[in-house]
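Please read the structure below before turning to the comments.
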Amino acid sequence: MTTCGPSSPPRDFDLPALREKYAAERDRRLRSDGSAQYVHTGAGERSEFWEADPHSPPVQRDAIVSEVEVLVVGGGFAGLLAGAHLTKSGVTDVRIIDMAGDFGGVWYWNRYPGIQCDNEAYSYIPLLEELGYMPSKRFPDGAEIYEHCRNIGKHFGLYDGALFGTMIRAIRRDEPTGRWVVTTHHDDELRARYVVLATGPWSKPKLPGIPGLDEFTGHTFHSARWDYDYTGGSVSDTALDRLADKRVAVIGTGATAIQIVPHLGRHAERVYVFQRTPSAVDARRNPPTDPAWAASLEPGWQKRRQAAFHTFASEPFPTRSPSEDVACDFFTEVGRNVSARIAGRELPPDELAAIREQEDYAVMERVRRRVDDIVADPATAEALKPYYRYLCKRPCSSNEYLETFNRPNVTLVDVSGTRGVQRMTEHGLVAGGREYEVDCVIFASGFEISAQDQRLASGIDEIVGRDGLSLQDHWRDGFRTLHGMTSHGFPGMFFMGNTQGGGNASVTANYVQQGEHIAYIVAQAHARGATTVEPTRRAQDDWVALIRAVATPKTFLEQCTPGYYNNEGGGNGGIRPATGERYGRGFYEFDRILRDWRDTGELPGMALLGAPGDRPG
Ligand code: NDP
């Protein structure tokens, strides 16, 4: 496997002029409605874009009334890792519930043509060593990752008791019995001592807020519910033969569209890609896994690799030597080049920030020049260039995406100046005053972000804790948690994902961390004869205060072009990171806090409650 040093991006550019260009590009996309521009799906509204499952038949069954120790909401990586760690801690009465027909989360739902992991799988896919599995290539296909999810389920016995095809409607605390009562669209009544909310940050599709969305009479679907009946082909055979006489529009040019568009270009009669903001698309190095390298790995290799990946991909000023960057790709390039410049020196904050900015602009300039090298039409090439800082949006890689715009049947429709598509009509889409008639519109328009609103993102109407306190009200002015995982007033309820915890470049590492911690707490409660656990108000408030005291300033996000990373540039709810309120001193420092907390053996700030009705101090 490669190790690498700093790259050599271009240096002959005018940084102050580019800075102004970035600001102008952001400003012309800013809109006062921010994230409110989007159209929600589910719960009776456009439910076909969310609740309809193209991969499994609807589950028909009688309502279940049952009791379980731990009920996990969500069977994606987060829920699976909670289940895995609980099982390892000896807590085996675990029931995972998911609206999908199987485990897998995003890897169950997203089966669009071309789906692959887009950051390197040796770091991203969890439990590789534990399951004795090695990805077939650096960026494996979605089907392979989905299979790994299923294998986690089998390995830890999580299929026992799992309920698929089941949508949770409400989770309410029943204080007299000390249980959570979970109701579903099958009219189940499931009682649980503990509930783990592992609903995932990208599970609920959202639609673009285009006037006239319902007027279009052609076919539509969201990228996360790919309709192979309409397009032909399958996830394993991407020959989309039924599109040969179809005009297709794609709305969106994020990480998903980058993977889809080349397949549409190859198979559809005409493709219109409606682009509001271009992605930064680098080359994709995706070799098969070298068996000799795999055989040479020493135990503990995955955690070490993740640590290196996270250093260069997420730390603003990495101090490791660039030669330790084993991923060696676009995700880590800016970090690697910054670390080469710092070269282990102690530098003042201004100088560090200047280095970071210069390296960021240089790498983004390299990516822009790559567009000129590939795309033949100069106007199309210019429109495809990303003018914003690295990590304002998800970095992408593809050896086919930009190339697709050289095809005669593919047109890029730049809608940046009109704040998106102007409107939909009976026959198509209007942009720049012209109507584009199409047979099908594919929404690659992203997902509700759970860091902003758990109810919106999960579709669970009510999460109500002790004394009728709704989680939405409790978190109305921001998260209130201990370590991002528990909240006062919600005994025995745990949260996974982006709240007030650590953050890094692959979300699965967060889930491992959270799964371990939650399992430890539940196992300790059992061992000590407690019936549930709950953080004290004081411990929660102290954590919130610490999180805010060490928070990273929002300056970077404020400068970014709008997108889900910065709550669409503000407007509704102001600038907010999609990653929640991360612990600002880094993922590994947060990990140390959790370990130290566990090492005390006393669960400080966490009340172990005995009889139902007990309350923490
Ligand atoms: P995104 O939210 O990243 O992209 C949505 C796209 O829709 C943007 O290009 C947005 O434009 C565009 N859009 C929204 N409204 C309009 C409108 N009215 N008119 C025109 N365009 C519009 O969603 P994705 O599904 O692409 O990606 C979501 C996340 O999923 C990624 O960031 C990544 O984290 C993850 N992902 C992971 C993969 C993996 O392999 N691990 C693969 C694919 C996705 P604008 O930018 O202007 O807002």
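Read the numbers this way: they start at 1 and go in the same order the structure lists the ligands and their atoms. All values reported here derive from a predicted model rather than from experimental measurement.
- Within ligand 1, counting atoms from 1 as listed, the ones closer than 4.0 Å to a heavy atom of Val421 are 19 (N).
- The closest approach between a heavy atom of Tyr388 and any atom of ligand 1 is not below 4.0 Å.
- Taking only nitrogen or oxygen atoms, main chain and side chain alike, Thr277 reaches within less than 3.5 Å of ligand 1.
- A donor-acceptor contact closer than 3.5 angstrom is absent between the side chains of Tyr588 and Glu315.
- Every atom of ligand 1 with a heavy atom of Gly446 under 4.0 Å away is listed here by number and element: 2 (O), 5 (C), 23 (O), 25 (O).
- Using a 4.0 Å cut-off between heavy atoms, Phe447 contacts ligand 1 through its side chain alone, with no backbone atom that close.
- Close contacts between ligand 1 and Gln116 involve ligand atoms 39 (C), 40 (O) [criterion: under 4.0 Å to a heavy atom].
- Using a 4.0 Å cut-off between heavy atoms, Tyr565 makes no contact with ligand 1 at all.
- One option in Ala444, Gly254, Gly563, Gly252 has a heavy atom closer to atom 5 (C) of ligand 1 than any other, and that option is Ala444.
- Within 6.0 Å of the CZ atom in Arg266, the count of heavy atoms belonging to other residues, nucleotides or ligands exceeds 12.
- By the 4.5 Å heavy-atom criterion applied to side chains, Lys246 and His219 are not counted as neighbours.
- Within the structure, salt bridge (charged side-chain N to carboxylate O under 4.0 Å, His left out) contacts touching residues 101-125 (residues at least two apart or in different chains) are Asp102-Arg150, Asp118-Arg394, Glu120-Arg138, Glu120-Arg305.
- Proximity annotation for atom 46 (O) of ligand 1: of Gln259, Arg276, Gln422, Lys393, Lys393 comes nearest, heavy atoms only.
- Relative to atom 20 (C) of ligand 1, the option among Ile251, Val250, Leu429, Val413 with the closest non-hydrogen atom is Ile251.
- Polar contact check, Tyr564 against ligand 1: a nitrogen or oxygen pair lies under 3.5 Å apart.
- With respect to Arg389 and Asp360, a salt bridge is recorded, a charged nitrogen being found less than 4.0 Å from a carboxylate O.
- Using a 4.0 Å cut-off between heavy atoms, Phe139 makes no contact with ligand 1 at all.
- Ligand 1 places these atoms under 4.0 Å from at least one heavy atom of Pro208: 15 (N), 16 (C), 17 (C), 18 (N).
- Listed by chain and residue number, nothing satisfies the ring pair (Phe, Tyr, Trp, His ring centres under 6.0 Å) test with Phe556 (two or more places apart in sequence, or in another chain).
- Heavy-atom proximity to Arg394, at under 4.0 Å, picks out these atoms of ligand 1: 32 (O), 33 (C), 34 (O), 41 (N).
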Derivation and outcome, side chain to side chain donor-acceptor pair (under 3.5 Å), residues Tyr564 and Trp202:
CA-CA 11 Å; Tyr564 82 82; Trp202 298 283; 3.2 Å; yes
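- If you take NE2 on His267 and OG1 on Thr231, they are separated by 9.5 Å, rounding to the nearest 0.5 Å.
- Nearest residue to atom 24 (P) of ligand 1 from Thr256, Val507, Ile145 is Thr256 (criterion: closest heavy atom).
- A salt bridge links Asp372 with Lys385; the closest basic N to acidic carboxylate O contact falls under 4.0 Å.
- Distances below 4.0 Å separate heavy atoms of Ser445 from the following atoms of ligand 1: 5 (C), 7 (O).
- Remark: the Glu448 side chain and the His40 side chain contain an N/O donor-acceptor pair separated by less than 3.5 Å.
- Close contacts of ligand 1 with Cys117, meaning ligand atoms under 4.0 Å from a residue heavy atom, involve 40 (O).
- In this structure, Arg276 is not positioned above the aromatic face of Phe274 in the sense of NZ or CZ being under 6.0 Å from the six-membered ring centre and within 45° of the axis.
- With distances taken over non-hydrogen atoms, the option nearest atom 42 (C) of ligand 1 out of Tyr112, Phe443, Trp202 is Tyr112.
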